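Every number for a ligand or one of its atoms is a count from 1 in the order of the listing. All residue numbers in this chain count up from 1 along the given sequence. Keep in mind the model is a prediction, meaning the values are calculated, not measured. Atom set for the values below is all heavy atoms of this structure, side chains included, hydrogens, waters and symmetry mates excluded.
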Amino acid sequence: MESIKAPRGTRDILGDESWKWAYVLKVCRDVADCFGYREVHLPVFEHTELFCRGIGDTTDVVEKEMYTFEDRGGRSITLRPELTASMVRSYLEHDLRNQSQPAKLWSAGPMFRYERPQKGRYRQFWQVDVEALGAADPLVDVEVIGFSLELYRRLGLANLEVVVNSVGCPACRPVYRQALRGYLEPRLPHLCESCRSRYDRNPLRILDCKNPECKAQTEDAPEIEGSLCPECREHFAALLAGLDRLGAAVQRDKRLVRGLDYYTKTAYEILSGDLGAQNAVCGGGRYDNLAEAIGGPHVPGVGFASGIERIVLTMESQGRSFGEAPRLDAFVVAAEDEARGEASRLAHQLRAAGAAVDMDYAARSFKGQMKAAGQSGARYACILGGKELARGVVACKDLGTGEQEDLSREDLKSRFGRS
Ligand code: AMP
């Protein structure tokens, strides 16, 4: 029988990699604490309707990429493709409007999208997601972008490009949409099939198309900045001034769009020069009309999501440090078979004192255990034999220098103990 493999587009994160993830997530948590964002854990699946209304029916994510199924109770359920809609749902459901605003929330976990897998693009991937809900102030946009920049600074990421744009609001976007349609109409025959279908439903998305011919055709398209209403114009100016005050180098990118009505004003992305085709490490922006789209009151919001796989890939290709890999303090070695029970007890005692300890369970010879101790990367081998047991000591061998000394259990605990 053929052995069963993990589904296409998923990855097992094994021990030689998972500690790097733990490091990245710890830095996320530290930055969240510094910025005053509180962690939330949300369901991995939601009612399908949340994403249809909260991301938008005309997006690729909703049209083609969702893992949707009917549960045993006949409800349409979707594995979350992103977190923003869930965050807003949770905010509304728990009346966070009654607490001080903005509600500053963050979360991390797996997302699911049925995309064509390639380097940096998976069907199950992790995101860290940061959202500030209940404030329209452009300085909150500055804070959110500042959060992502501080995260990457602490992780040591270099060679990043920050691109920003304003996508306007329902008051000014229709004007731009018309101008864009007017520009695109004679060019329609040259656009790809997806873009031709976007023309009626969501023409802004055509600016986002990666197809080289579509890119060339939209090269001289009118810029949205010219159509912004005074409020959006002012917000964008305040955002750029705020980012400038932080010393953040940003590029304006007129192609950057979130072509749905509930995305408003700020849109931004951070691109890595070391990722290849899937080069976005982070994407975010403002969505002042999303809460209403999912049936709530008006709640302005702004946030970003960043892919953990892409952060780790960028750090690896730039040779960044993930802190120290976990390492054993000691490997307990039973010099004779009779000492194995006592070795097990010693390992447990040292672990209870906070030390990282392992031992042999394959009944290896003394020599075999010493070899296993070396291979385990432990700093010390703690050797127990009849001689040591009789004297109430443990022979502690430094596996780096080869030096050995007899220590009492109390001495050992204070040498390795952390708790
Ligand atoms: P989005 O929600 O599409 O704006 O994506 C936000 C971030 O999530 C991107 O900038 C990527 O870092 C990451 N991301 C999105 N889709 C994937 C995927 N299929 N595989 C891995 N990372 C992804």
Side-chain angles (χ1 to χ4, degrees), residues 6-13 17 21 24-25 28 42 46 50-51 54-56 58-67 78-88 106-131 144-145 147-149 151-152 155 157 159-165 167 202 204-205 207-210 253 255-260 262-263 266-287 290 301-317:
R8 188 165 135 80
T10 66
R11 295 170 70 230
D12 298 328
I13 310 297
E17 202 184 344
W21 281 51
V24 171
L25 290 168
C28 290
L42 302 181
E46 298 267 8
L50 174 71
F51 302 118
I55 302 175
T58 61
T59 53
D60 285 352
V61 168
V62 171
E63 277 187 341
K64 308 183 205 151
E65 296 170 3
M66 294 207 304
Y67 280 90
T78 294
L79 299 183
R80 62 182 183 194
E82 54 113 61
L83 262 165
T84 310
S86 302
M87 287 279 209
V88 176
W106 79 280
S107 191
M111 309 297 147
F112 306 86
R113 292 184 195 173
Y114 193 81
E115 294 191 89
R116 198 170 48 77
Q118 62 183 89
K119 185 183 169 215
R121 187 160 75 188
Y122 312 99
R123 291 183 172 170
Q124 175 174 335
F125 58 97
W126 270 57
Q127 277 184 345
V128 54
D129 185 75
V130 172
E131 311 286 351
V144 162
I145 297 177
F147 186 127
S148 50
L149 294 174
L151 175 62
Y152 303 142
L155 292 170
L157 294 195
N159 197 12
L160 297 178
E161 193 188 356
V162 187
V163 290
V164 296
N165 195 15
V167 296
N202 196 352
L204 265 70
R205 286 294 315 281
L207 297 174
D208 210 18
C209 185
K210 303 286 178 273
D253 182 354
R255 284 177 182 277
L256 186 61
V257 291
R258 299 214 170 242
L260 285 161
Y262 15 98
Y263 292 105
T266 308
Y268 88 105
E269 262 183 4
I270 302 186
L271 311 172
S272 162
D274 294 277
L275 274 179
Q278 299 303 314
N279 63 348
V281 274
C282 152
R286 185 165 270 287
Y287 44 85
L290 194 151
V302 57
F304 76 85
S306 181
I308 302 290
E309 286 84 355
R310 293 194 195 172
I311 292 178
V312 171
L313 278 171
T314 307
M315 288 177 71
E316 282 175 343
S317 71

Query - With sequence neighbours excluded, residues passing salt bridge (charged side-chain N to carboxylate O under 4.0 Å, His left out) with Lys119 - result: none
Query raised in the report: Hey, does the side chain of Arg255 reach the backbone of Leu207 with a donor-acceptor pair shorter than 3.5 angstrom?
Result: yes
Can you give each donor-acceptor pair under 3.5 Å made by side-chain atoms of residues 108-116, sequence neighbours left out, with the distance rounded to 0.1 Å?
unit_1, atom_1, unit_2, atom_2, d
Arg113, NE, Pro81, O, 2.8
Arg113, NH2, Pro81, O, 3.0

Requested in this report: Starting from the C-alpha separation in whole Å, work towards a yes-or-no answer on side chain to side chain contact (heavy atoms under 4.5 Å, CB included) for Glu131 and Val88.
Outcome: CA-CA 9 Å; Glu131 311 286 351; Val88 176; over 6 Å; no
Query raised in the report: With no hydrogens and no angle check, is any side-chain donor or acceptor of Lys64 less than 3.5 Å from a backbone partner on Val62?
Result: no
Compile the donor-acceptor pairs under 3.5 Å between side chains in residues 303-311 and protein atoms, sequence neighbours left out, one pair per line.
unit_1, atom_1, unit_2, atom_2, d
Ser306, OG, Tyr152, OH, 2.6
Ser306, OG, Val281, O, 2.6
Glu309, OE1, Trp126, N, 3.1
Glu309, OE2, Trp126, N, 3.2
Arg310, NE, Gly120, O, 2.7
Arg310, NH1, Ala280, O, 2.9
Arg310, NH2, Gly120, O, 3.0
Arg310, NH2, Gln278, OE1, 3.4

Requested in this report: Might you list the protein residues in contact with ligand 1, defined as having a heavy atom under 4.0 Å from one of its atoms, sorted by chain and number?
Outcome: Arg113, Glu115, Gly120, Arg121, Tyr122, Phe125, Gln127, Arg258, Ala280, Val281, Cys282, Gly283, Ala305, Gly307, Arg310
